[in-house]
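Structure first, commentary second.
Here the structure is a predicted model, which is why all the values come from computation and not from measurement. Chain A is the first sequence line, chain B the second, and so forth, proteins listed ahead of strands; every chain is numbered from 1.
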2 protein chains.
Amino acid sequence: MSQEGVGVNLETSLGYLLKEASSALRTAMEEVLRPLGMSVTHYSCLELLAQRPGLSNSELARGAFVTRQTMNVLLQALERDGYVTRPAEAPVGKVLPTRLTASGRRSLQKASAAVRSVEARMLADLTATERSDAFRILQSMIHSLHGDNEPA
Amino acid sequence: MSQEGVGVNLETSLGYLLKEASSALRTAMEEVLRPLGMSVTHYSCLELLAQRPGLSNSELARGAFVTRQTMNVLLQALERDGYVTRPAEAPVGKVLPTRLTASGRRSLQKASAAVRSVEARMLADLTATERSDAFRILQSMIHSLHGDNEPA
DNA sequence: CAACGTATGTCAGAATGCTGACATGAGTCA
DNA sequence: TGACTCATGTCAGCATTCTGACATACGTTG
């Protein structure tokens with residue numbers, strides 16, 4: 001298990017570290033959500049709907065960082081299992097606003113508490129300053145990656 | 001778009017922001033690697049081998065944050081296409097040390113340059129201090145998520 | 001030495017997410 | 001009005017990754 005060697009910029013790469021942190025977060029979330037019979041995307045969808053009722057399939061997809069096709073499959077399962085409802089007819093255009101049912105809200109409560117505890121554990125050793133630094137830095141990274149600063 | 005926060009407030013959640021940043025990074029990497037006919041995991045594997053020659057399948061899997069089964073599938077493809085080599089017999093135990101071929105090294109060069117440019121873009125608006133802050137903070141998050149501080 | 005726990009490589013099947021494609025509805029512009 | 005562009009919902013097929021399982025090899029412990 002020696003990792004000596006050749007320059008290893010994996011050890012100093014912020015990109016690699018970001019991926020590692022994200023992977024650790026996802027694994028930790030999966031661990032606490034599995035006993036509740038819920039996947040991370042599953043949870044993300046319900047959480048989005050709790051905070052922004054009436055989101056469409058495409059909006060949910062963007063919020064959960066998956067394609068709208070993937071979200072569509074998930075929504076059909078959630079609808080079949082009674083966690084969300086969508087009108088049979090679109091009130092306007094083709095957009096179907098989705099809402100949580102009482103069952104969905106109940107199911108989300110436990111999951112949300114579990115996820116909050118994971119996030120709290122992640123931030124346990126960070127000061128308030130470090131947390132706000134992290135917030136600002138991550139936002140800058142996202143902004144730059146999206147190319148929002150290329151004017152021409 | 002009102003966000004009444006009963007659960008995890010997505011607008012202020014560092015977990016959500018971490019996922020967003022990681023997603024943006026992955027998308028940006030996919031964009032530059034696609035013209036080279038290479039996926040992110042594909043690239044990760046080659047980069048790991050370049051920096052730590054002789055890694056085993058399981059070690060590569062841990063380094064790329066996938067299961068060893070997934071990495072095994074990838075390695076078989078890379079071996080078939082002549083990018084890596086593994087001995088037919090394990091020198092010791094069952095561990096098969098993997099190495100890049102000349103072709104694999106060539107293929108990696110372009111990909112590595114492309115990925116470096118993505119990482120540079122991600123960090124473009126950050127000062128040196130912010131970068132070292134990010135490094136330390138991400139490491140703390142990873143450490144805490146892995147539960148390395150729960151002694152009992 | 002024998003038993004046990006752990007780590008590895010690998011095969012098979014299932015779950016998950018993606019790309020491609022199509023039809024539909026809304027907005028824009030001439 | 002008609003043509004064009006764009007976003008949406010959805011179906012189908014494919015790719016990727018995962019979980020489950022098994023045999024094998026090493027280290028430790030009795």
Side-chain angles (χ1 to χ4, degrees), chain A residues 1-2 19 22-24 26-31 33-35 37-46 48-49 54-81 84-99, chain B residues 19 22-24 26-31 33-35 37-46 48-49 54-81 84-99:
Chain A
M1 294 287 190
S2 65
K19 185 175 176 182
S22 177
S23 169
R26 165 167 280 265
T27 299
M29 286 177 66
E30 281 168 351
E31 277 171 8
L33 289 175
R34 186 184 311 270
M38 207 179 290
S39 75
V40 173
T41 309
H42 188 133
Y43 158 75
S44 300
C45 179
L46 296 186
L48 280 162
L49 284 174
L55 283 190
S56 72
N57 175 38
S58 289
E59 291 169 323
L60 286 167
R62 282 190 290 270
F65 312 111
V66 296
T67 63
R68 67 186 195 278
Q69 293 92 330
T70 296
M71 183 55 71
N72 188 40
V73 171
L74 175 61
L75 273 186
Q76 286 174 357
L78 291 178
E79 196 171 13
R80 166 175 48 78
D81 297 343
V84 307
T85 53
R86 285 191 290 182
E89 293 280 318
V92 53
K94 298 187 66 177
V95 178
L96 294 174
T98 311
R99 293 184 174 275
Chain B
K19 184 174 177 182
S22 177
S23 170
R26 165 167 282 264
T27 299
M29 286 177 67
E30 282 169 351
E31 277 172 9
L33 289 175
R34 186 183 312 267
M38 207 178 291
S39 75
V40 173
T41 310
H42 187 134
Y43 157 76
S44 300
C45 180
L46 296 185
L48 280 162
L49 284 174
L55 282 190
S56 71
N57 174 39
S58 289
E59 291 169 323
L60 285 167
R62 282 190 291 267
F65 311 111
V66 296
T67 62
R68 69 186 195 278
Q69 292 92 331
T70 296
M71 183 55 72
N72 188 42
V73 171
L74 175 60
L75 273 186
Q76 286 175 357
L78 290 178
E79 196 172 13
R80 166 174 50 78
D81 297 342
V84 306
T85 53
R86 285 190 292 182
E89 293 281 317
V92 54
K94 299 187 66 177
V95 178
L96 295 175
T98 312
R99 291 184 175 277

Under 4.0 Å: is that the gap between some side-chain N or O of A:Asn72 and OP1 or OP2 of D:dG9? no
Determine the contact category for A:Leu74: base if any of its heavy atoms lies under 4.0 Å from a base atom, sugar-phosphate if only primed atoms, P, OP1 or OP2 are that close, otherwise nothing. nothing
When A:Arg34 and A:Arg86 are each assigned the nearest nucleotide of DNA chain D, the 5'-most assignment goes to A:Arg86
Is B:Ser56 touching bases, backbone alone, or none of the nucleic acid, heavy atoms closer than 4.0 Å? sugar-phosphate
Flag the pair B:Cys45 / B:Thr41 as yes when at least one side-chain heavy-atom distance between them is below 4.5 Å, and no otherwise. no
Tabulate protein N/O versus nucleotide N/O from nucleotides 1-6 of chain D, keeping only pairs under 3.5 Å, one per line.
none

Under-4.0 Å side-chain N/O to phosphate OP1/OP2 contact, A:Gln76 with D:dC11: yes
Grab the two heavy atoms, one from B:Met71 and one from B:Leu60, that are nearest each other, plus how far apart they are. CE-O, 3.6 Å
What string of B, S and - do you get for nucleotides 21-26 of chain C, 5' to 3', if B is base contact, S is sugar-phosphate-only contact and - is no contact with any protein heavy atom under 4.0 Å? B-BBSS
From A:Leu96 CG over to A:Glu79 CD, what is the distance, rounded to the nearest 0.5 angstrom? 8.5 Å
Backbone of A:Lys19 reached by a side-chain donor or acceptor of A:Ser23 within 3.5 Å: no
If the helix axis at each end comes from five base pairs, how far does the helix from C:dC1-D:dG30 to C:dA30-D:dT1 deviate from straight, to 10°? 30°
Please report the shortest heavy-atom distance between B:Pro87 and B:Pro97, naming the atom on each side. CD-O, 3.1 Å
Nearest-nucleotide comparison on DNA chain C, the residue closer to the 5′ end among B:Asn57 and A:Val73: B:Asn57
So A:Thr70, base contact, sugar-phosphate only, or nothing? Heavy-atom distance under 4.0 Å. base
Base, sugar-phosphate or nothing for B:Thr41? Non-hydrogen atoms, less than 4.0 Å. sugar-phosphate
